[in-house]
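All of these numbers come straight from a predicted model, not from anything done at the bench. We use all heavy atoms of the structure for the numbers below, so side chains are in, but hydrogens, waters and symmetry mates are not.
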Amino acid sequence: MATVKVSSSKTCANAINYAKNKAVVMNGLNVDPKYAIGQMEHVRHVYDKTDGVQAHLFIQSFAPGEVTPQQANDIGIEFAQAISEDKHYQVAIYMHNDTKHIHNHLVLNAVDFETGLKYQQSFDVKRVRELSDQICEKHDLSVIYYEQADTKPISEIKAKEKGHFIWKDELRERITLVLNDPHSVDLESLKKRATDYNLDIRFRGKGVSYAFVDSNGKKRISRGAKLGDNYNIDEIHSSLRYNKSLADQALKEFDLEPIDQEIKAKERQVSTLKKKIEELQPSIKLYRKWEVHLHTLSQKRFKFIQFKEKAQNISEIEKLTNKVNKNKPVYDKLITESRELTIEKERLIKNIANLKERRFSIQKREKLRNKQLEE
């Protein structure tokens with residue numbers, strides 16, 4: 001039976017880019033997985049819901065050797081349909097096989113494209129995992145007992161059933177917020193973000209403990225092992241690696257240096273073309289001068305013959321005519337080359353304008369992303 005890890009992201013594009021780059025098989029529910037970023041972004045803009053959580057992420061992992069990549073992805077699309085139920089969510093499914101566990105990355109757009117309502121993940125985690133279990137049982141997949149992260153002491157479960165305040169649940173929620181924070185990419189940044197959530201993370205050897213003041217004003221402390229597998233040192237490093245990969249992807253997405261280099265290269269090409277066009281102009285002008293002179297002499301020819309004056313001009317006309325006719329192929333070639341160079345120059349200038357517009361768009365998206373991360 002597949003295991004399911006659930007998280008969320010304030011930058012849908014980064015989550016999709018990470019999942020898509022390593023995908024062996026991809027599929028989509030109400031979305032084309034190749035163009036999921038733009039299609040999902042469009043829905044959020046239509047309903048003016050671009051702030052906060054943009055996407056919900058589900059990683060569905062299978063036992064080694066139990067499914068093929070295509071089977072895993074087919075189960076992933078079935079899983080996506082079950083999560084959506086009668087709602088209208090866009091879900092992109094990307095299958096990875098870069099670890100011993102074949103796994104699906106499901107990226108669900110936070111906004112329903114029919115109603116504009118946002119998906120509420122915090123109230124749906126248990127149902128989502130049960131859905132995955134049911135689908136896997138239907139396909140005769142083995143059971144993987146790994147969900148110790150949700151295994152709680154009987155006393156804690158009974159206390160919660162009676163409506164008592166469970167401070168460990170508050171602690172788990174706070175830890176999850178820190179681990180899912182995109183700024184948490186290494187231990188140093190993790191501790192820094194933890195302080196923003198009034199949480200103290202302490203590492204001792206291979207263990208970790210958490211201290212905080214609960215909503216009742218009491219100081220609390222617990223070892224990660226007492227909270228479940230999702231809060232131990234291995235899970236922390238796994239979350240940090242995932243956040244780091246998303247951050248690296250974001251840097252690539254907002255890296256303006258390749259665009260700047262391309263703009264400079266094309267501007268150099270335009271400059272070279274301008275010089276070539278300028279070099280052709282003297283020869284073109286000279287030929288045109290000959291043509292104008294020939295035309296002027298030809299207009300006067302009948303007058304020369306009529307008055308039998310300046311007969312030498314007739315000879316000059318014949319010589320110039322031969323010269324013009326002899327050089328006409330060269331002239332035609334120069335004109336054609338000049339025209340082609342001009343067209344190429346204009347094309348490059350248009351490309352440069354498009355690149356600058358793209359550069360501005362990236363800067364605008366980066367500012368929006370930074371604003372969302374700050375929030």
inquiry  = Apply side chain to side chain contact (heavy atoms under 4.5 Å, CB included) to residues Lys191 and Phe203 and explain how you reach the verdict.
reply    = CA-CA 10 Å; Lys191 289 182 178 180; Phe203 296 97; 3.6 Å; yes
query = Under the ring pair (Phe, Tyr, Trp, His ring centres under 6.0 Å) test, which residues partner Phe113, sequence neighbours left out?
reply =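 Counting only residues at least two positions away or on another chain, Phe113 forms a ring pair (Phe, Tyr, Trp, His ring centres under 6.0 Å) with His88.
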Determine yes or no for a side-chain-to-main-chain donor-acceptor pair under 3.5 angstrom, with [X] supplying the side chain and [Y] the backbone.
X	Y	value
Lys206	Ile233	no
Thr195	Lys192	yes
Tyr94	Tyr18	no
Thr272	Arg268	yes
Ser132	Arg129	no
Asn104	Leu106	no
Arg172	Tyr231	no
His183	Asp181	no
Asn73	Gly76	no

Any chain of hydrophobic side-chain contacts (each under 4.5 Å) joining [X] to [Y]?
X	Y	value
Leu141	Ile59	no
Leu199	Phe165	yes
Val43	Ile93	no
Leu171	Val213	no
Leu29	Val6	yes

Does [X] come within less than 4.0 Å of [Y], counting only side-chain N to carboxylate O?
X	Y	result
Glu344	Arg347	yes
Glu340	Lys276	no
Arg127	Glu85	yes

ask   = Do the ring planes of Trp167 and Phe212 sit parallel (below 30°), tilted (30 to 60°) or perpendicular (above 60°)?
value =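 It falls in the tilted class, 30° to 60°.
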message = Looking at Glu173, I'd like to know if its CD atom is crowded, meaning that more than 12 non-hydrogen atoms belonging to other residues, nucleotides or ligands lie closer than 6.0 Å.
response =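 Check fails, neighbour count at 12 or below.
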query = Is there a side-chain contact between Ile102 and Gln71, using heavy atoms and a 4.5 Å cut-off?
reply =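 No, side chains not in contact.
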task = Answer whether the closest heavy-atom distance between the side chains of Leu179 and Ile236 falls below 4.5 Å.
result =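 Of all side-chain heavy-atom pairs linking Ile236 with Leu179, at least one is under 4.5 Å.
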ask   = What's the spacing between Glu78 CD and Lys138 NZ if we round to 0.5 Å?
value =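 Result: 3.5 Å between the selected atoms.
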message = Please find the pair of heavy atoms, one from Ile201 and one from Ala194, that lie closest to each other, and give the distance.
response =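 In terms of heavy atoms, the two residues are closest at CD1-CB, 3.8 Å.
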